[in-house]
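The structure appears below as structure tokens.
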Amino acid sequence: MRAGHADGPREQPGESPRPPVWPGAPNPLGARFRVGPDGSTGTNFALWAGGAEAVELCLFDASGTETRCPLSELTHEVWHGFVPGVRPGQRYGFRVHGRWDPWTGARWNPAKLLLDPYARAVDGDFTLPPEVYGHVRDWPEQHVADTVRDGRDSAPYVPKGVVVHDDDDWADDRRPKTPWADSVIYELHVRGFTMRHPDVPAELRGTYAGLAHPAAIDHLVRLGVTAVELLPVHQFAHEDHLLRRGLRNYWGYNSIGYFAPHAGYAASGTTGQQVGEFKRMVQALHAAGIEVILDVVYNHTAEAGELGPTLSMRGIDNRGYYRLQEDARRYADYTGCGNTLHVVQPHVLRLITDSLRYWVNEMGVDGFRFDLAAALARSMHDVDMLSPFLAVIAQDPTLRRVKLIAEPWDVGNGGYQVGAFPPLWTEWNDRYRDAVRDFWRGALPDVRDLGYRLSGSSDLYAWGGRRPYASVNFVTAHDGFTLRDLVSYEQKHNAANGEGNRDGTNDNRSWNCGEEGESDDASVLALRRRQVRNLMTTLLLSTGVPMLVAGDEMGRTQSGNNNAYCQDNETSWVDWSLLGRPEWRALFDLTSRLLALRHAHPVLRRRAFFSGRAQGEDGLRDVAWFTTEGKEMTQEDWYAPTSALGMYLSGSDIPGRDARGEPIEDESFLAVLHAGADPVGFALPGEPWAASYTCVVDTSREGAEGTGTVHEGGEVVRVPGRAVVLWRVSRGPSSR
């Protein structure tokens with residue numbers, strides 16, 4: 001069935017004369033400005049379109065007039081041509097001809113202008129009117145609508161790719177190259193981080209240039225993080241259901257251009273200027289010693305399922321780019337977003353790895369966090385840790401040296417893979433998140449799981465040469481409650497999303513401290529702030545790589561919205577006025593102090609797992625666990641209900657050597673975590689563990705009061721209810 005619209009490309013009224021198209025080259029893919037064979041400058045265009053019958057390059061002038069240039073050269077399924085005179089700033093797209101047969105997965109429709117998957121910049125916004133759908137979106141019989149081809153021209157309604165001048169000059173850039181064990185990740189949103197920052201000029205707020213501004217970078221430096229993890233900055237589109245409700249995709253997990261910085265975050269322009277602005281942002285962060293990690297979404301695209309728009313890959317070769325079901329009209333969906341990229345296909349794998357290398361080599365980034373990484377690790381159906389994607393990454397000389405973080409699950413069968421990714425990879429550790437949340441809300445039956453999480457999750461990662469820093473520890477992430485909301489809400493409050501509060505998880509593992517939402521009760525507010533301090537301190541004292549979420553260090557709230565993916569407003573933006581409130585400024589100061597302590601002490605950022613055995617001549621274990629009686633925990637103690645746990649970290653003979661080959665030695669520390677409501681007496685272990693203890697952190701206090709207090713070994717001290725107390729150990733005469 002077909003719609004009653006014209007199906008093929010049409011001559012445009014007033015179309016400019018077609019420029020000559022020389023054969024050009026099939027590599028590299030995309031649009032590359034270069035010098036031609038006779039010394040003329042121009043642009044080489046190359047598009048992989050397996051199975052296509054013809055490809056037209058479409059050039060657009062400033063008025064929107066389209067000039068169509070057939071690409072007649074075909075090499076190994078790549079259509080290519082060199083167009084002399086085409087310079088950076090030129091806007092373009094493709095029209096791809098072929099069969100319309102949705103029952104076999106063929107969805108070619110030359111009426112639809114398609115975005116180059118390799119476009120380095122994108123100009124324009126995706127608004128998703130009916131014309132951008134390959135099928136007739138509003139066909140009366142919706143169950144067959146995807147089979148009815150729509151012949152209306154989509155060019156006036158879709159963004160265009162932009163030819164960009166390559167600039168690989170990174171001579172002045174110095175990558176921080178922070179070792180994994182020393183890393184502290186700060187997850188932030190490019191737009192939301194500076195939209196309300198009073199010291200960032202208004203015209204730069206919410207942009208790459210805004211994040212590069214000294215006022216923004218100064219906060220990161222004072223806090224003490226080593227890397228920013230940027231929520232998706234690949235060009236993305238807003239979903240139709242959001243646009244219909246007057247909302248927008250804020251988080252950006254709906255990619256459509258894997259080489260293009262999202263144009264909406266550029267202050268300087270969208271016809272290629274966004275590329276240079278992004279690079280300058282990276283350079284500014286590097287100059288401050290901060291690495292840049294990108295959250296990337298290679299598991300699906302913004303074209304969604306069979307009822308989604310035709311924007312790029314669906315119209316280039318639907319069967320080649322996407323996993324299809326046995327009924328080829330339907331898409332295999334391991335992502336919950338309607339489609340899944342077919343990473344087993346060589347050209348799709350090439351697209352992803354070319355994109356990754358581009359962001360490293362030409363844009364300067366230092367690593368990637370892979371959204372729903374298990375979907376990328378699937379072979380034909382099942383997750384396979386020997387899959388082509390993981391194998392290619394492991395042998396790639398560029399990619400194997402950058403930071404690689406997996407979100408180790410997807411929504412398909414067998415998709416939960418925490419602890420299963422191979423060496424080179426680190427993973428978001430949701431078991432850490434759940435155990436820490438449960439401990440502080442009093443929901444753990446015992447402390448066995450907590451002990452594993454505090455000490456690096458050896459039960460998950462101590463195999464195949466993996467190290468404690470394979471665990472990216474987090475209590476909160478962009479997806480879910482903020483840290484403040486975690487102690488203020490037990491139920492999600494997502495009505496503003498327009499989905500009847502059905503979206504977002506119901507498994508929050510949160511505790512509102514006795515009252516749901518905002519409160520005027522001083523005792524409730526004080527308890528909430530204490531719980532925030534407990535959670536933050538636990539995170540930063542744990543072995544592994546800590547990840548903080550922007551604004552958590554100053555009490556940011558989303559008013560109980562645990563799925564603010566479509567809230568591009570003050571719900572999601574960082575509220576910088578909180579730093580002016582003493583109670584939240586105190587939280588920032590505590591976080592900064594803990595990060596400085598972590599940076600100064602290698603015992604808090606170990607490169608090898610604890611053995612639980614004596615490591616040095618003093619006969620002390622490298623990690624020891626104590627009951628409130630000051631006795632080492634027995635097997636029975638681990639299974640017994642308790643609200644308090646003592647963790648002794650020995651600084652003697654830490655595994656490994658420093659850069660000069662010298663042994664690594666440090667001070668020792670004792671941390672006591674007590675989640676019970678009432679104070680408890682805790683007997684500080686005496687000799688040989690310690691002669692005395694000096695308080696370093698006490699989360700029962702709003703500020704730094706009480707630190708510096710000294711207690712003797714063997715003394716029974718009062719640990720306040722719901723608190724973390726950290727002591728520095730003094731070994732007396734036997735101390736180093």
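Ion pairing between a basic and an acidic side chain is recognised when a charged N comes within 4.0 Å of a carboxylate O; Arg401 and Asp366 show no such pairing. A salt bridge is absent between Arg613 and Asp622; no separation between the charged side-chain nitrogens and carboxylate oxygens falls under 4.0 Å. Salt-bridge annotation for Arg585 and Asp589: present, with a side-chain N of the basic residue lying under 4.0 Å from a carboxylate O of the acidic one.
Of the N and O atoms on the side chains of Thr476 and Asp552, at least one donor lies less than 3.5 Å from an acceptor on the other residue. Using a 3.5 Å distance cut-off with no hydrogens or angles, the side chains of Asp637 and Thr634 do pair a donor with an acceptor. A donor atom on one side chain and an acceptor atom on the other are not found under 3.5 Å apart for Trp638 and Glu636. Judged by distance alone, the side chains of Asp485 and Asn562 never bring a donor and an acceptor atom under 3.5 Å apart. Inspection of the His219 and Trp576 side chains reveals no N or O donor paired with an N or O acceptor under 3.5 Å.
Glu427 places a side-chain N or O within donor-acceptor distance of the main-chain N or O of Phe421, the cut-off being under 3.5 Å. Between the Arg174 side chain and the Gln283 main chain, no donor and acceptor come within less than 3.5 Å of each other. Using modelled atom types, one side-chain atom of Arg598 and one backbone atom of Ser542 make a donor-acceptor pair closer than 3.5 Å. The closest donor-acceptor contact from the side chain of Arg530 to the backbone of Gly721 lies under 3.5 Å. In terms of modelled atom types and a separation under 3.5 Å, the side chain of Thr426 and the main chain of Leu404 share a donor-acceptor contact. Between the side chain of Ser457 and the backbone N or O of Leu460, no donor-acceptor pair lies under 3.5 Å. At least one donor-acceptor pair closer than 3.5 Å links the side chain of Arg467 to the backbone N or O of Arg607. When atom types are taken as modelled, the side chain of Thr699 and the backbone of Val724 share a donor-acceptor pair closer than 3.5 angstrom. Checking side-chain atoms of Glu291 against main-chain N and O of Thr178 turns up a donor-acceptor pair under 3.5 Å.
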> Which is it for Ile185 and Leu548 under the side chain to side chain contact (heavy atoms under 4.5 Å, CB included) test, yes or no, and what are the steps along the way?
Replying inline: CA-CA 6 Å; Ile185 297 172; Leu548 289 71; over 6 Å; no
>> Please evaluate residues Arg728 and Tyr693 with respect to the criterion side chain to side chain contact (heavy atoms under 4.5 Å, CB included), reporting the C-alpha separation (whole Å), side-chain torsions for both, the decisive distance (0.1 Å), and the verdict.
In response: CA-CA 6 Å; Arg728 179 182 287 109; Tyr693 295 83; over 6 Å; no
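Taking both residues in full, the closest heavy atoms of Val725 and Cys695 are given as CG1-SG, 4.1 Å, listed atom of the first, atom of the second, then distance. Among all heavy-atom pairs drawn from Leu188 and Leu220, the shortest one is CD2-CD2, 4.5 Å. In this structure, Trp409 and Ala374 approach most closely via the heavy-atom pair C-CB, 3.6 Å.
The aromatic rings of Tyr469 and Trp180 sit parallel to each other, their planes meeting at less than 30°, with 60° as the upper class boundary.
Between Phe474 and Trp428, the distance from one ring center to the other falls under 6.0 angstrom. Taking the six-membered ring for Trp, Phe368 and Trp359 have ring centres at least 6.0 Å apart. Residues His478 and Trp251 bring their aromatic ring centres within 6.0 Å.
No option in Tyr298, Tyr358, Tyr253 other than Tyr298 meets the ring pair (Phe, Tyr, Trp, His ring centres under 6.0 Å) test with His234.
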